[in-house]
Amino acid sequence: MSTYRVAAKGRIDQSRPVHFTFNGERFEGRKGDTLASALLANGVHLVGRSFKYHRPRGILSAGSEEPNALVGVSRGVGRSEPNTRATVLEVFEGLNTVSQNHWPSLKRDVGTINDAFYMLFSAGFYYKTFMWPKSFWNKVYEPFIRGAAGLGKSPSVPDPDTYASRYAHCDVLVVGSGPAGLAAALEAGRSGAKIILVDEQAELGGSLLSEPAAGINGQPAWQWLETAADELAASKNVTVLTRTTAIGYYHENFLGLCQRVTDHLETLPEGAPRERMWRVRARQVVLAQGSIEKPLVFDGNDRPGVMLAGSARTFLNRYGVKVGNRAVVVTSHDSAWLAAINLAEAGVKVSAIIDIRASVPYHLVDLAKAHGIEVLTGWTVTGTSGRLRVSSVRVNPVTAGGKVGRARNIACDTLLMCGGWTPSVHLFSHTKGKLDWNEERQMFLPGAPTEETRCAGAGNGVFGLLDALKEGAFAGASAATDAGFKAKAGDYQIEGEIACTGISVKELPTDRNSSSAKAFVDFQNDVTAKDIRLAVREGFQSIEHIKRYTTTGMATDQGKTSNINGLAIASDAVRRPTPAVGLTTFRPPYTPTTFGAFAGYTRGSLFEVTRKTAIDGWAEQNGAVFEPVSLWRRAWYFPERGEDMHQSVARECKATRQSLGIFDASTLGKIEIVGPDAAEFINRMYTNAWSKLAPGRLRYGLLLGEDGFIRDDGVIGRLSTDRFHVTTTTGGAARVLATMEDYLQTEWPDLKVWLTSTTEQWAVIALNGPNARQLIEPLVEGIDLSNQAFPHMSVAEGNICGVPTRLFRVSFTGELGFEINVPSRYGRAVWEALYEAGRQYDITPYGTEAMHVMRAEKGYIIVGQDTDGTLTPDDAGLGWAIGKAKPDFVGKRSLTRSDMLKADRKQLVGLMTRDPKTVLEEGAHIVADPNQPVPMKMIGHVTSSYWSEALGRSIALAVIEGGRAREGQTVHVPMPGKTHQAEITGMVFFDPENERLNA
Amino acid sequence: MLLIRCPHCAAERPEVEFVYAGEAHISRPRDPAVLTDEQWKNHLFIRSNPRGTHFERWRHIHGCGRFFNAVRDTVTDKFAMTYKAGLPRPSEAEIREARS
Amino acid sequence: MLQQYRPLDGSRIAVPDSVLGIEMADDCTRFNLRIAGTGIAPAGKVFGVTLPKVIGQTAASGDKLALCLGPDEWQLMAPLDERDRIEAAFAALYAKVPHSLVDISHREVGIVVEGSAAAVALCSACPLDLDEMPVGAATRTIFDKAQIVLIRQGRDSFRIEVWQSFADHVWGILQAAGREITLEI
Ligand SMILES: [Zn+2]
């Protein structure tokens, strides 16, 4: 094992080696390592190339804020993920990882040429560089952008993993399990309230995991932590979710928590979901998200080996890893001094602490000197050297007047920096809670909340351990109290805490020309201080504009380490106070989240509900090809051996017209309307007249919106004086019922009538063809099927095959037809019985396509295909369906608006192509004169178009301006390759006298 | 996801059980035939679209099935109150009290 | 009579030790009853169960169950052989008390979800707080994209009533949830 691993330190299991690869090289880590800590333990700092300049980059942090150390993870086919943060990726035996954004290798990358063309990529380069000449776009710019675009490599095969989701409810949700969050969960848990404690890390503790030296209530910190974790685990009312990130905070205390279930496991349990999205509704929320350390902005601050000081401390104390052998520290905050001393104690040679501040607390200076560390207060860092790893740092004194003195170089293999700490207010910000700027502390702090929430600990600007514990306990107790439980905050004692303070600075002062400095603000998007100043010089004033122009804060880390530095520099450049420049909005998710986690169960066969009829299984067994119709899947056609769709549909149509076809119409929407005012209600809803419809009779019904346009249609049967069986289109079923309920409940609540959906109560078998009556006559009981007793548009109740039926005599094909409604669980058996009995008539199952062809031959419209929400009944040739004597119905008033009466409205007509073999494309445009200049005036379009086997030619329906008056005229239909001629005709192509359906 | 109090179920239920149904307190004219085109147009198409307090209709479609009215702030999205359809528009004082 | 086909007949999801058992419920007669104020009491008499008046409550008598789903809406559930009697009795009531009684026996299927992890399985796609749902309560709600009626028959026993074409979808999610519960993950 390397010299960077410190024995007897950290929380990793030193006795359990774990092997993994990085860029094909095999490494050894320890159980409990992250990829970052394991690589550092092997002395590896260079882990990737930056997005824009392909600069070598190392590990900046130890947490989920990491902007640099993004890797690709692969664990078998389909299981590859780009942009995984090495600082949160737990190593396991056999883990394979690769670095990103380089070619051919991490150490030699031709993309670094971008770094040399630095000027080309400065702020707004997206908007400037690729502007001219125009001819460069296709050949130069676009290939370049495409080649350079994208962070990491996206997977190229479907994800084999499954994902889960779960709703949960609790009294108190605590986000973050650092000292404040733990204290909150303990107090709230003791009240008996239902608690969920969530933390993104693998174990509870947060910052305590990096602070073993502190003592809490007489116990060493880690022992106290263990006791606390045990207490929570033993509490039945507490759910602890580790490896779970609170990604978003939505209305009414609704939070999304993404739980990583299997990513850390060596072997994946069969059938286990990879991640689970918890959707939690909490009565009260405690946000204890902690804080994120700020980098300092100076030339060369992105070189591998330059790292946040607090993170170096975490690597040492939590993972037992020295991040280097020879460190220099640069800081504006006391906390980095503690890191330096920790490292020195562990045997790291800490050459110097450079503090921007002229004066630093004596006890820190004394402590540093006692460890042999050179102290340079009132100094600055002006550069770093080293190709793939920092090898020295250039430091200069700064006078009280701000003058930067002569530089000297200090050799090092690690440079630790700290620019202070930023409270994590992300989730609070999701709620639109106001953030208040604290000028003295130079930080945004949570202000007045908009939800039942409270912030505690470092995330609330309370940084000390004791203060965080106390505030957490108070927050937990008051949250439980507000949720209706009895709770009181306990007290805490702390030993060995050193209070830390610091200042905030913008870029560090330098003696060099700042316009050539590469002082990075946003590491992931390669945005420098100079870029931000340039944006301001070019006129951008608002941080929202500066952000988009420079792309600072727009990377996958959402600027967790860069926002405040960027804001400070912008505010300095525009010479306005920070709050006036404004903070950009934080949006969910808090950290990058997989699409799978959002999708949950919603993939594959569960992607969408697939509704199947009772007869669907028969269709499947008999070779049907299906098509989706709203949520249903419907049999489209039934090809016999070797048939294509065209042949199959032609055969199905022919067989139906010649003898007998059978069709599954179960998806038709059905509504039972019952009550003394049923007829009156239907009168008001539908255009037609209903009062005089006798029981036992059917009528075609047309439903409009109040705007006068066709919304739905269907056949309505009157079963008795007070009971109607209404059918709707397949897609319109739910909508029509909702519209009816709306009128009934809110406009006409005095009507005594009730609506019930019966769509799924009934399976519907349509029998059509000259032999339809012969087939069912012997199977039907209780209904006289003779033409006199049971003419077209009749309904009766009886039995078929021994099963109760509502038998409709109705036709959507123009043939003698019946629609047999049976309770749906009998649907398949009745279908099979009819099919068996029908063999003598060569009964032929037909699908939706043949149904569409046959109805078009008769000129029957399909709402939603031949109408598009802009057709009135008259436009559709359905003026006859309006009850002229009715004083009112839904949509009637609109039919007399002036626009509705114009002669040139688009009207539905028939079209016959000059060449009978040409089947027009549905949706094709129609013009009157094909020789007019482009753009031509479009006078309509084709809505339905088929090959009609019955007519031996093509037919079409179309909407055309003033179409009915143009009957007999020729129009032109441009299609790919040719413009076709067609004659405008009436809509009925087949059996206009209706002899067949009345047979 | 919002929580919405259904005045019929007398309970707060998750938003996924509800559908929005447009502005409230717009009733269909008794006799549309007597309206001018202008009046009918205003009834059909013109809505208040306020910033702030909005009176609107919701339906507890996957619950009790009832349409009801709500007062909601279009800036914060927060509901001040809900009440049964047919009841008069609440006064400003009633809304203030419901909010507090 | 002919053979009936039900979706998912014979399917079962089981996690041992009474942790989870999910199967199709036995068939029953179902009616949707819509009736106004003064008719509620006589309707209850006709059905044989005093109809609960609070939305979300159920009332049972023998094998018969009445769920109050809306201010004027009940779902009535009874043994299969009671169908004709109930229909005839309500028909006789109609002249005095107009109402709507519609047979929805075949519209839906019942799925019984039982065991100590029953609530966890339901929480995979049901947004309700089941801790707040007392035994004997019933409510229409949503399960992923399917509308259901959820009945709490016991502490660890629920029944889902769902339109039959949505049953596969509900089942698929319960199956996934069942796998998670089996793996204790
Ligand atoms: Zn309700």
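Chain A is the first sequence line, chain B the second, and so forth, proteins listed ahead of strands; every chain is numbered from 1.
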Peer 1: Do C:Ser157 and C:Glu114 meet the criterion of a side-chain donor-acceptor pair at a distance under 3.5 Å?
Peer 2: yes
Peer 1: Among A:Ala829, A:Ala678, A:Ser824, which has the most heavy-atom pairs under 4.5 Å with chain C?
Peer 2: A:Ser824
Peer 1: If we count only N and O atoms by modelled type, under 3.5 Å, do the side chains of A:Arg276 and A:Gln259 hold a donor and an acceptor together?
Peer 2: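 There is such a pair (donor and acceptor under 3.5 Å, judged by atom type) between the side chains of A:Arg276 and A:Gln259.
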Peer 1: Under a 3.5 Å cutoff, is there a donor and acceptor pairing between the side chains of C:Glu73 and C:Asn32?
Peer 2: yes
Peer 1: Sort A:Phe254 into side chain, backbone, both or neither according to what part of it lies under 4.5 angstrom from a heavy atom of chain C.
Peer 2: neither
Peer 1: Measure distances from A:Ile673 to the heavy atoms of chain C and classify the residue's part below 4.5 Å as side chain, backbone, both or neither.
Peer 2: neither
Peer 1: Only pairs of heavy atoms separated by less than 4.5 Å count here; which of C:Glu180, C:His99, C:Lys145 has the most with chain A?
Peer 2: C:Glu180
Peer 1: Using non-hydrogen atoms and a 4.5 Å limit, figure out which bit of C:Asp103 sits close to chain A: side chain, backbone, both or neither.
Peer 2: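 Both parts, heavy atoms under 4.5 Å.
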Peer 1: Any side-chain donor paired with an acceptor under 3.5 Å for A:Thr805 and A:Glu797?
Peer 2: no
Peer 1: I want to check a possible cation-pi pair here: A:Arg633 against A:Phe626, using under 6.0 Å from ring centre and within 45° of the ring axis as the test.
Peer 2: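 Flagged: A:Arg633 positioned over aromatic ring of A:Phe626.
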Peer 1: Need one label for A:Trp278: side chain, backbone, both or neither, based on atoms under 4.5 Å from any heavy atom in chain C.
Peer 2: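 Neither part, no heavy atoms under 4.5 Å.
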Peer 1: Pick whichever of C:Asp144, C:Leu122, C:Val120, C:Asp168 has the most heavy-atom pairs under 4.5 Å with chain A.
Peer 2: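 Result: the option with the highest number of such pairs is C:Val120.
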Peer 1: Less than 3.5 Å apart, any donor N or O on the side chain of A:Arg274 or A:Tyr163 sitting next to an acceptor on the other?
Peer 2: yes
Peer 1: I'd like to know which of A:Thr613, A:Asp722, A:Thr162, A:Thr610 tops the heavy-atom pair count under 4.5 Å against chain C.
Peer 2: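 Between A:Thr613, A:Asp722, A:Thr162, A:Thr610, the count favours A:Asp722.
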Peer 1: Could you check which of C:Ile104, C:Ile185, C:Leu183 has the highest count of heavy-atom pairs closer than 4.5 Å to chain A?
Peer 2: C:Ile185
Peer 1: Taking atom types as modelled, is there a side-chain donor on C:Ser165 or A:Arg611 under 3.5 Å from an acceptor on the other?
Peer 2: yes
Peer 1: Quick one: what part of A:Val753 sits under 4.5 Å from any heavy atom of chain C, side chain, backbone, both or neither?
Peer 2: neither
Peer 1: Let's test your reading of the structure: which of C:Pro127, C:Pro98, C:Gly172 forms the most heavy-atom pairs below 4.5 Å with chain A?
Peer 2: C:Pro127
Peer 1: Could you have a look at A:Tyr601, A:Trp632, A:Trp754 and say which one has the most heavy-atom pairs with chain C under 4.5 angstrom?
Peer 2: A:Trp754
Peer 1: Which one, A:Lys612, A:Glu832, A:Arg828, leads in non-hydrogen pairs under 4.5 Å with chain C?
Peer 2: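 The answer is A:Arg828.
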Peer 1: Non-hydrogen atoms of chain A under 4.5 Å away: do they reach the side chain of C:Arg179, the backbone, both or neither?
Peer 2: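 Just the side chain, heavy atoms under 4.5 Å.
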Peer 1: Distance alone, cut at 3.5 Å: any donor-acceptor contact between the side chains of A:Tyr167 and C:Asp129?
Peer 2: no
Peer 1: Counting only non-hydrogen atoms closer than 4.5 Å, does C:Ala167 touch chain A with its backbone (N, CA, C, O), its side chain (CB onward), both, or neither?
Peer 2: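 Contact with chain A: none, neither part.
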Peer 1: Is it true that C:Phe143 and C:His169 have ring centroids separated by less than 6.0 Å?
Peer 2: no
Peer 1: Highest number of heavy-atom pairs under 4.5 Å with chain C: which of A:Ala763, A:Ala614, A:Gly271?
Peer 2: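 Counting heavy-atom pairs under 4.5 Å, the top option is A:Gly271.
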Peer 1: Flag the pair C:Leu101 / C:Tyr94 as yes when at least one side-chain heavy-atom distance between them is below 4.5 Å, and no otherwise.
Peer 2: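 The answer is no, as the side chains (C-beta and beyond) never meet within the 4.5 Å cut-off.
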